Amino acid sequence: MYVRHLQVTDFRSWEHADLAFEPGVSVLVGRNGQGKTNLVEALGYVATLGSHRVATDAPLVRHGASRAVVRTAVVNEGRELLVELEVTPGRANRARINRGPVPRPRDVLGILRTVLFAPEDLALVRGDPGERRRFLDELLTTRSPRYAGVRGDYDRVLRQRGALLKTVRASRNADLGTLDVWDGHLARHGAELLAGRLDLVSDIAPHVAAAYAEVAPESRPARVAYRSSLGEAFPGVHDREVLEDALLAELHRVRPQEVDRGVCLVGPHRDDLELFLGELPAKGYASHGESWSFALALRLGGYELLRAEAAEPVLVLDDVFAELDRGRRRQLAKVAAAAEQVLITAAVAEDVPEELEGARFEVAHGEVRRV
């Protein structure tokens with residue numbers, strides 16, 4: 001799989017940009033603030049319908065414009081598809097495939113698969129559980145696009161049930177029958193999302209361990225584990241019906257606390273991906289270099305899992321070589337050199353290892369040109 005063409009209009013800082021890519025290595029070079037990351041962010045948006053930098057769509061639209069448009073041509077096993085996304089804050093986004101409209105933007109998921117490594121990824125190790133849940137869910141959706149619908153259904157139920165809990169908390173005589181109905185919805189959608197995450201963590205774990213051992217051979221072994229709000233009894237259970245029953249039982253058990261606090265205390269939104277170095281948690285115990293290595297191992301683990309199961313994803317390395325020491329650069333370059341397509345951004349060309357020489361683009365003053 002590779003991106004043959006990218007065109008953006010009113011996306012971030014870009015009024016317009018048009019790039020033609022080829023398989024292999026492409027390097028975008030330019031000083032900070034020139035818009036390099038905005039271009040690879042546009043590709044990430046096509047792949048995930050989200051940004052690795054912001055939580056909402058509004059910042060993606062250039063100041064003064066009403067909408068942003070991203071068009072990209074993706075080639076997979078000789079077949080080319082043109083994907084177009086129109087981003088309009090405050091309104092429903094629209095999508096087209098080969099210039100024909102599709103019912104929902106999420107219908108484009110799976111056409112372009114990317115694995116992005118960026119400086120923000122240090123938060124996967126040092127940040128709060130929400131960062132790691134997001135990592136899992138984005139990888140899960142890349143692996144199986146139907147989980148975009150599962151996530152959407154779960155988030156909708158979570159919002160509705162949370163609003164009801166606040167109402168119940170404010171009224172002593174509230175009818176709890178409606179809460180029973182929402183318990184069932186949350187358990188059903190939550191069990192499906194939880195089962196998918198558990199399968200994913202089981203499958204990615206050996207890839208992460210192997211990637212960390214290559215990137216940081218002098219360090220302690222790395223390990224990942226899923227921590228569920230269901231407690232220690234259920235981490236190894238992947239059956240959806242069993243998980244649904246367990247979620248319902250736990251919701252019933254903690255209902256008094258939920259009503260008292262007005263928040264949902266059980267479900268995948270309370271879970272975490274635990275990271276260990278040896279027997280100690282990485283968060284709080286890993287050095288700066290070990291934290292970078294673990295973040296890199298998570299991304300490379302996802303990359304190896306995806307390429308083993310289906311079309312090889314596009315590898316995107318956004319301004320990361322400047323953050324890595326020589327050994328980690330060498331290991332990352334080794335993986336990248338073997339990728340079908342890798343897109344790299346760098347402030348200076350010297351940051352990019354010699355092994356990754358390829359097509360080069362200069363990004364400056366609102367323009368991008370191949371050199």
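As the structure is a computational prediction, the values presented were derived from the model and not from experiment. We count residues from 1, following the sequence as given.
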Colleague: How close do Glu357 and Val25 get, counting heavy atoms only, and between which atoms?
Modeller: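 Closest approach of Glu357 to Val25, heavy atoms only: O-CB, 4.2 Å.
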
Colleague: If you compare all heavy atoms of Leu186 against all heavy atoms of Val266, which two are closest, and at what distance to 0.1 Å?
Modeller: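 Closest pair (atom of Leu186, atom of Val266, distance): CD2-O, 3.8 Å.
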
Colleague: Could you report the tightest heavy-atom contact between Ala222 and Ala209, atom names first, then the distance?
Modeller: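 Closest heavy-atom pair between Ala222 and Ala209: O-CB, 3.7 Å.
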
Colleague: Taking side chain as C-beta onward, heavy atoms only, is Val115 less than 4.5 Å from Leu139?
Modeller: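 The answer is no; the side chains never approach within 4.5 Å.
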
Colleague: Can you tell me how far the CZ atom of Arg133 sits from the CD atom of Glu138, to the nearest 0.5 Å?
Modeller: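 Those atoms lie 13.0 Å apart.
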
Colleague: Please check if Leu165 and Leu248 belong to a single hydrophobic cluster, counting links between Ile, Leu, Val, Met, Phe, Trp and Tyr side chain heavy atoms closer than 4.5 Å.
Modeller: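 Per the 4.5 Å side-chain linkage, Leu165 and Leu248 are not co-clustered.
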
Colleague: For Ala211 and Gly301, work out which heavy atoms get closest and say how close.
Modeller: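 Distance-wise, the nearest heavy atoms are CB-N, 4.4 Å.
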
Colleague: Quick one: ring pair (Phe, Tyr, Trp, His ring centres under 6.0 Å) partners of His185, sequence neighbours excluded?
Modeller: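 Once residues adjacent in sequence are excluded, the partners of His185 under the ring pair (Phe, Tyr, Trp, His ring centres under 6.0 Å) criterion are Trp182.
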
Colleague: Do Asp271 and Arg132 sit within salt-bridge range, that is, some charged N less than 4.0 Å from a carboxylate O?
Modeller: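 Arg132 and Asp271: not salt-bridged.
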
Colleague: Is Leu140 linked to Val108 within one hydrophobic cluster, defined over Ile, Leu, Val, Met, Phe, Trp and Tyr using a side-chain heavy-atom separation of less than 4.5 Å?
Modeller: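 No, separate clusters.
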
Colleague: Among the clusters formed by ILVMFWY side chains lying less than 4.5 Å apart, do Leu280 and Leu124 turn up in the same one?
Modeller: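 In one cluster: no.
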
Colleague: With sequence neighbours excluded, give me every ring-ring contact (aromatic ring centres under 6.0 Å, His included) pair touching residues 309-359.
Modeller: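 Residue pairs passing ring-ring contact (aromatic ring centres under 6.0 Å, His included), neighbours aside: none found.
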
Colleague: Indicate whether the side chain of Asn93 and that of Arg106 have a donor and an acceptor atom separated by less than 3.5 Å.
Modeller: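 The answer is no; no qualifying pair exists.
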
Colleague: Does Arg94 have any side-chain hydrogen bond (donor to acceptor under 3.5 Å, both in side chains) partners at least two apart in sequence or in another chain, and if so, which?
Modeller: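 side-chain hydrogen bond (donor to acceptor under 3.5 Å, both in side chains) check on Arg94 returns Glu86.
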
Colleague: For residues 144-155, please give each side-chain donor-acceptor pair under 3.5 Å, one per line with the distance, not counting sequence neighbours.
Modeller:
{"from": "Arg146", "atom 1": "NH1", "to": "Glu192", "atom 2": "OE2", "distance (Å)": "2.6"}
{"from": "Tyr154", "atom 1": "OH", "to": "His269", "atom 2": "ND1", "distance (Å)": "2.7"}

Colleague: Any side-chain to backbone donor/acceptor pair from Trp14 onto Val8? Under 3.5 Å, distance only.
Modeller: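 The answer is no, because no donor-acceptor pair under 3.5 Å joins these two groups.
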
Colleague: Check ring pair (Phe, Tyr, Trp, His ring centres under 6.0 Å) between Phe21 and all other residues, then give those that pass, not counting sequence neighbours.
Modeller: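 Phe361.
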
Colleague: How long is the straight-line distance from OG1 of Thr142 back to CZ of Arg113, given to the nearest 0.5 Å?
Modeller: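 Those atoms lie 7.0 Å apart.
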
Colleague: Less than 4.0 Å between a side-chain N and a carboxylate O, is that true for Glu258 and Arg261?
Modeller: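 Salt bridge absent between Arg261 and Glu258.
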
Colleague: Using a 4.5 Å cut-off on heavy atoms from C-beta on, say whether the side chain of Arg62 contacts that of Arg12.
Modeller: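 Arg12 vs Arg62: side chains apart.
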
Colleague: Which residues pass the side-chain hydrogen bond (donor to acceptor under 3.5 Å, both in side chains) test with Arg255, not counting sequence neighbours?
Modeller: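 With neighbours one apart ignored, the set is Asp180, Asp183.
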
Colleague: For the pair Val316 and Val314, evaluate side chain to side chain contact (heavy atoms under 4.5 Å, CB included) and give the outcome as yes or no after the intermediate values.
Modeller: CA-CA 6 Å; Val316 181; Val314 176; 4.2 Å; yes

Colleague: I need the full list of side chain to side chain donor-acceptor pair (under 3.5 Å) pairs touching residues 214-223, with sequence neighbours left out, sorted by first then second residue.
Modeller: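 Non-adjacent pairs meeting side chain to side chain donor-acceptor pair (under 3.5 Å): Tyr212-Ser219, Ser219-Glu290, Arg220-Glu290.
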
Colleague: Can you confirm whether Leu122 sits close enough to His288 that some side-chain heavy atom of one is under 4.5 Å from a side-chain heavy atom of the other?
Modeller: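 Touching, per the 4.5 Å side-chain cut-off.
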
Colleague: For residues Leu164 and Lys166, determine if any side-chain heavy atom of one lies less than 4.5 Å from a side-chain heavy atom of the other.
Modeller: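 When only atoms from C-beta onward are counted, Lys166 and Leu164 do not touch, as no gap falls below 4.5 Å.
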
Colleague: Of all the heavy-atom pairs spanning Ala17 and Val368, show the shortest one and how long it is.
Modeller: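 Residues Ala17 and Val368, closest heavy atoms: CB-CG1, 4.3 Å.
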
Colleague: Taking only distance into account, with no hydrogens and no angle test, what donor-acceptor pairs under 3.5 Å do side-chain atoms of residues 69-85 form with protein atoms, sequence neighbours excluded?
Modeller:
{"from": "Arg71", "atom 1": "NE", "to": "Glu84", "atom 2": "OE1", "distance (Å)": "3.0"}
{"from": "Arg71", "atom 1": "NH1", "to": "Gln7", "atom 2": "OE1", "distance (Å)": "2.9"}
{"from": "Thr72", "atom 1": "OG1", "to": "His5", "atom 2": "O", "distance (Å)": "2.9"}
{"from": "Glu80", "atom 1": "OE1", "to": "Arg4", "atom 2": "NE", "distance (Å)": "2.8"}
{"from": "Glu80", "atom 1": "OE2", "to": "Arg4", "atom 2": "NE", "distance (Å)": "3.4"}
{"from": "Glu80", "atom 1": "OE2", "to": "Arg4", "atom 2": "NH2", "distance (Å)": "3.1"}
{"from": "Glu84", "atom 1": "OE2", "to": "Arg96", "atom 2": "NH1", "distance (Å)": "3.0"}

Colleague: Report the C-alpha separation of Val201 and Leu198 in whole Å, then their side-chain angles, then the decisive distance to 0.1 Å, and conclude whether the side chain to side chain contact (heavy atoms under 4.5 Å, CB included) test is met.
Modeller: CA-CA 5 Å; Val201 172; Leu198 289 169; 5.9 Å; no

Colleague: OG1/Thr48 to CG/Leu116 distance, rounded to the nearest 0.5 angstrom?
Modeller: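 Result: 9.0 Å between the selected atoms.
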
Colleague: So how far is it from Leu19 CG to Leu28 CG, rounded to the nearest 0.5 Å?
Modeller: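 Reported to 0.5 Å precision, the distance equals 6.0 Å.
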
Colleague: Where do Val363 and Arg31 land on the side chain to side chain contact (heavy atoms under 4.5 Å, CB included) test, with the steps shown first?
Modeller: CA-CA 8 Å; Val363 183; Arg31 291 183 293 107; over 6 Å; no

Colleague: From Glu312 CD over to Arg307 CZ, what is the distance, rounded to the nearest 0.5 angstrom?
Modeller: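 With rounding to 0.5 Å, CD (Glu312) is 4.5 Å from CZ (Arg307).
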
Colleague: What pairs with Arg143 under side-chain hydrogen bond (donor to acceptor under 3.5 Å, both in side chains), at least two apart in sequence or on another chain?
Modeller: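 Once residues adjacent in sequence are excluded, the partners of Arg143 under the side-chain hydrogen bond (donor to acceptor under 3.5 Å, both in side chains) criterion are Asp203, Glu309.
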
Colleague: Got a sec, which pairs hit salt bridge (Lys or Arg N to Asp or Glu O under 4.0 Å) with one end in residues 115-130, sequence neighbours left out?
Modeller: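 Those involving residues 115-130 are Asp121-Arg299.
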
Colleague: Got a list of side-chain donor-acceptor pairs under 3.5 Å for residues 339-356, not counting sequence neighbours?
Modeller:
{"from": "Glu340", "atom 1": "OE1", "to": "Met1", "atom 2": "N", "distance (Å)": "2.3"}
{"from": "Glu340", "atom 1": "OE2", "to": "Met1", "atom 2": "N", "distance (Å)": "3.1"}
{"from": "Gln341", "atom 1": "OE1", "to": "Val3", "atom 2": "N", "distance (Å)": "2.6"}
{"from": "Gln341", "atom 1": "NE2", "to": "Val3", "atom 2": "O", "distance (Å)": "3.0"}
{"from": "Gln341", "atom 1": "NE2", "to": "Glu22", "atom 2": "O", "distance (Å)": "3.1"}
{"from": "Thr345", "atom 1": "OG1", "to": "Asp318", "atom 2": "OD1", "distance (Å)": "2.6"}
{"from": "Thr345", "atom 1": "OG1", "to": "Asp319", "atom 2": "N", "distance (Å)": "2.8"}

Colleague: What I'd like to find out is whether the side chain of Val263 reaches to under 4.5 Å of the side chain of Leu265, using heavy atoms alone.
Modeller: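 The answer is yes, as the side chains (C-beta and beyond) meet within the 4.5 Å cut-off.
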
Colleague: Restricting to side-chain hydrogen bond (donor to acceptor under 3.5 Å, both in side chains), what partner residues turn up for Arg104, sequence neighbours left out?
Modeller: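 By the side-chain hydrogen bond (donor to acceptor under 3.5 Å, both in side chains) rule, Arg104 matches Asp107.
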
Colleague: Tell me if the NE2 atom of His252 is crowded by more than 12 foreign heavy atoms within 6.0 Å.
Modeller: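 Open.
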
Colleague: Quick one: are Asp10 and Arg67 in side-chain contact, heavy atoms under 4.5 Å?
Modeller: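 Sidechains of Arg67 and Asp10: no contact.
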
Colleague: List the atom of Val215, the atom of Arg328, and the distance in Å for their closest heavy-atom pair.
Modeller: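 Heavy-atom minimum between the residues: CG1-CG, 3.7 Å.
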
Colleague: With distance as the sole test, does Lys36 use its side chain to make a donor-acceptor pair with the main-chain N or O of Gly30 at under 3.5 Å?
Modeller: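 Side chain of Lys36 to backbone of Gly30, a donor-acceptor pair under 3.5 Å: yes, one is there.
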
Colleague: Is the shortest side-chain heavy-atom distance between Pro268 and Arg197 below 4.5 Å?
Modeller: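 In contact.
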
Colleague: Could you go step by step and tell me if Tyr45 and Asp57 meet the side chain to side chain contact (heavy atoms under 4.5 Å, CB included) rule?
Modeller: CA-CA 10 Å; Tyr45 193 87; Asp57 287 348; 3.0 Å; yes

Colleague: Side chains of Leu296 and Phe117: closer than 4.5 Å at any heavy-atom pair?
Modeller: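 Yes - at least one pair of side-chain heavy atoms lies under 4.5 Å apart.
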
Colleague: Kindly compute the distance separating OG (Ser293) from CG (Leu300), expressed to the nearest 0.5 Å.
Modeller: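 Rounded to the nearest 0.5 Å, the OG-CG separation comes out at 10.5 Å.
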
Colleague: For Pro281, does its backbone N or O pair with a side-chain atom of Glu274 as donor and acceptor, under 3.5 Å?
Modeller: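 Here the side-chain-to-backbone pair does not exist.
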
Colleague: Would you say Phe276 ends up clustered with Phe135 if hydrophobic residues are merged whenever their side chains have heavy atoms under 4.5 Å apart, either directly or through other cluster members?
Modeller: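 No; Phe276 is not reachable from Phe135 via cluster members.
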
